[in-house]
Protein chains: 2
Amino acid sequence: MREPFHPQTEDIELAAVMHALSDPVRLEIVARLADTDGENCGGIGDGIDVHKSTLSHHYRVLREAGVTLTTVEGRSRVVRLRTGDLETRFPGLLTSVLAALGRTASLQAD
Amino acid sequence: MREPFHPQTEDIELAAVMHALSDPVRLEIVARLADTDGENCGGIGDGIDVHKSTLSHHYRVLREAGVTLTTVEGRSRVVRLRTGDLETRFPGLLTSVLAALGRTASLQAD
DNA sequence: TGGATGGTTGGGCGATCGTCAAACTAACAT
DNA sequence: ATGTTAGTTTGACGATCGCCCAACCATCCA
């Protein structure tokens with residue numbers, strides 16, 4: 001399958017990022033991505049109690065807002081936080097959000 | 001008039017704050033509050049092109065999320081950013097948002 | 001080729017959102 | 001008392017949201 005759409009770093013909009021991070025399910029996803037060094041934790045819906053299509057929707061919102069990077073690996077997807085891009089675009093923002101979630105940002109280049 | 005409802009500092013929720021800061025009009029309001037040392041800039045709708053009731057709605061969202069503090073002064077309201085409370089609850093968050101808006105946080109105790 | 005796996009897409013549902021308009025309330029001035 | 005000023009509240013509107021279900025599409029393995 002084609003690689004899905006991702007905004008360029010400079011096209012990431014603050015309002016879109018804030019909106020993406022305003023939903024409990026998406027915050028939980030982001031928290032888990034932070035736990036696993038920015039990578040998706042094996043199977044796209046690891047214990048979050050929503051339908052898989054709902055989860056797919058949330059992953060899309062995060063991706064299109066520029067929060068995550070989704071790459072296709074065979075028949076599964078790997079999702080990573082765009083830690084570096086976000087730090088470039090909005091310094092300190094993701095770090096403080098992760099801190100608020102009780103996580104630590106593991107800064108790495110994307 | 002009665003003083004309106006404000007959440008306690010410890011009751012401020014991340015998702016609510018993120019949601020409050022995910023709308024362009026509200027981000028503009030926050031940016032202007034940051035410009036005027038956290039205070040409302042004379043007249044609650046200073047040049048933002050929305051109806052006054054819409055503006056009132058946005059001020060309520062910000063207040064109930066814990067982003068702003070609204071006090072009644074005669075027949076007008078004074079709105080301030082809850083800079084200190086937010087820094088306590090979610091360190092660095094408001095600062096990075098204001099930086100993203102091209103503003104500087106003027107940290108003061110509320 | 002066929003079947004299972006992993007995820008997306010589209011439709012539909014109720015709920016919430018941002019907006020405006022109109023009515024209302026409270027504070028001040030005359 | 002009357003009017004003005006400043007803002008809230010209520011109700012309505014279309015748009016979007018989060019959710020599920022069903023159908024679909026790719027990929028991999030037999």
Side-chain angles (χ1 to χ4, degrees), chain A residues 1-6 13-33 36 39-80, chain B residues 1-6 13-33 36 39-80:
Chain A
M1 191 188 237
R2 298 275 317 283
E3 294 293 326
F5 168 79
H6 293 84
E13 286 179 33
L14 180 62
V17 171
M18 300 305 280
H19 170 249
L21 299 177
S22 70
D23 180 86
V25 173
R26 289 194 291 265
L27 283 176
E28 175 65 28
I29 291 173
V30 167
R32 294 187 185 204
L33 290 176
T36 57
E39 287 200 19
N40 141 300
C41 351
I44 214 165
D46 50 332
I48 301 181
D49 188 27
V50 290
H51 197 273
K52 63 173 182 170
S53 62
T54 302
L55 217 39
S56 180
H57 159 70
H58 285 307
Y59 273 104
R60 177 149 68 124
V61 172
L62 288 169
R63 175 174 47 77
E64 293 184 344
V67 176
T68 58
L69 177 74
T70 302
T71 53
V72 179
E73 302 260 322
R75 73 189 127 172
S76 61
R77 273 84 181 133
V78 177
V79 181
R80 290 182 185 84
Chain B
M1 192 191 235
R2 299 274 318 284
E3 294 293 326
F5 168 79
H6 293 84
E13 285 179 35
L14 180 60
V17 171
M18 300 304 280
H19 170 250
L21 298 177
S22 70
D23 180 85
V25 172
R26 289 193 292 265
L27 283 176
E28 176 65 27
I29 290 172
V30 168
R32 295 187 185 205
L33 290 176
T36 57
E39 287 200 19
N40 141 302
C41 352
I44 214 165
D46 50 333
I48 301 181
D49 189 27
V50 291
H51 197 274
K52 63 173 183 172
S53 62
T54 303
L55 217 38
S56 180
H57 160 71
H58 285 308
Y59 273 103
R60 177 149 71 125
V61 172
L62 288 169
R63 174 174 48 76
E64 292 183 346
V67 176
T68 57
L69 176 74
T70 301
T71 53
V72 178
E73 301 261 323
R75 73 189 127 172
S76 61
R77 273 84 180 137
V78 176
V79 181
R80 291 182 186 83

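Since we're looking at a predicted model, the values are computed, not measured. Throughout, a chain's letter reflects where its sequence line sits, starting with A, and its residues are numbered from 1.
To the nearest 0.5 angstrom, B:His6 atom NE2 is 7.5 Å from B:Thr71 atom OG1.
At the phosphate of D:dG18, OP1 or OP2 sits under 4.0 Å from a side-chain N or O atom of A:Arg26. OP1 or OP2 of C:dG18 sits under 4.0 Å from a side-chain N or O of B:His57. Applying the 4.0 Å criterion to OP1 and OP2 of C:dC20, one finds that B:Thr54 has a side-chain N or O inside that range. A close approach under 4.0 Å does not occur between any side-chain nitrogen or oxygen of B:Ser76 and OP1 or OP2 of D:dA6. OP1 or OP2 of D:dC19 lies within a sub-4.0 Å distance of a side-chain N or O belonging to A:His58. Regarding contacts with the backbone of D:dA22, every side-chain N or O of A:His51 stays at 4.0 angstrom or more from both OP1 and OP2.
B:Arg77 and B:Glu73 are not joined by a salt bridge, as no carboxylate oxygen comes within less than 4.0 angstrom of a charged side-chain nitrogen.
For A:Ser53 and D:dC19, a side-chain-to-base donor-acceptor distance below 3.5 Å is absent, hydrogens and geometry of angles not being considered.
In terms of heavy atoms, A:Val79 sits closest to A:Leu33 at O-CD2, 3.5 Å. Heavy-atom minimum distance, B:Glu3 versus B:Thr70: OE1-O, 3.6 Å. Shortest non-hydrogen contact noted between B:Ser22 and A:Ala15 is O-CB, 3.6 Å.
Look at CG on B:Asp49: it is 10 Å from P on C:dT19, rounded to the nearest Å. One interatomic measurement links the two molecules: NZ of A:Lys52 to C1' of C:dA4, which rounds to 11 Å at whole-angstrom precision. Atoms CD1 (A:Ile48) and C1' (D:dC19) sit 14 Å apart, rounded to a whole Å. Across the protein-nucleic acid pair, B:Leu62 atom CG and C:dC17 atom C1' stand 14 Å apart, rounded to whole Å. Taking atom NE2 of B:His19 as the reference point, atom C1' of C:dC17 lies 7 Å away to the nearest angstrom. Between the CD1 atom of A:Ile29 and the C1' atom of C:dG7 there is a distance of 14 Å, given to the nearest Å. Rounded to an integer number of Å, the gap from A:Glu73 CD to D:dA26 P is 19 Å. In this structure, B:Asp23 places its CG atom 12 Å from P of D:dC17, rounding to the nearest Å.
Using a 4.0 Å heavy-atom distance criterion, A:Val50 is classed as a sugar-phosphate-only contact.
The A:Arg75 side chain lies nearest to D:dT27 when the options are C:dG7, D:dG7, D:dT27. Comparing D:dC28, C:dT8, D:dA6 against the side chain of A:Ser56 picks out C:dT8 as the nearest.
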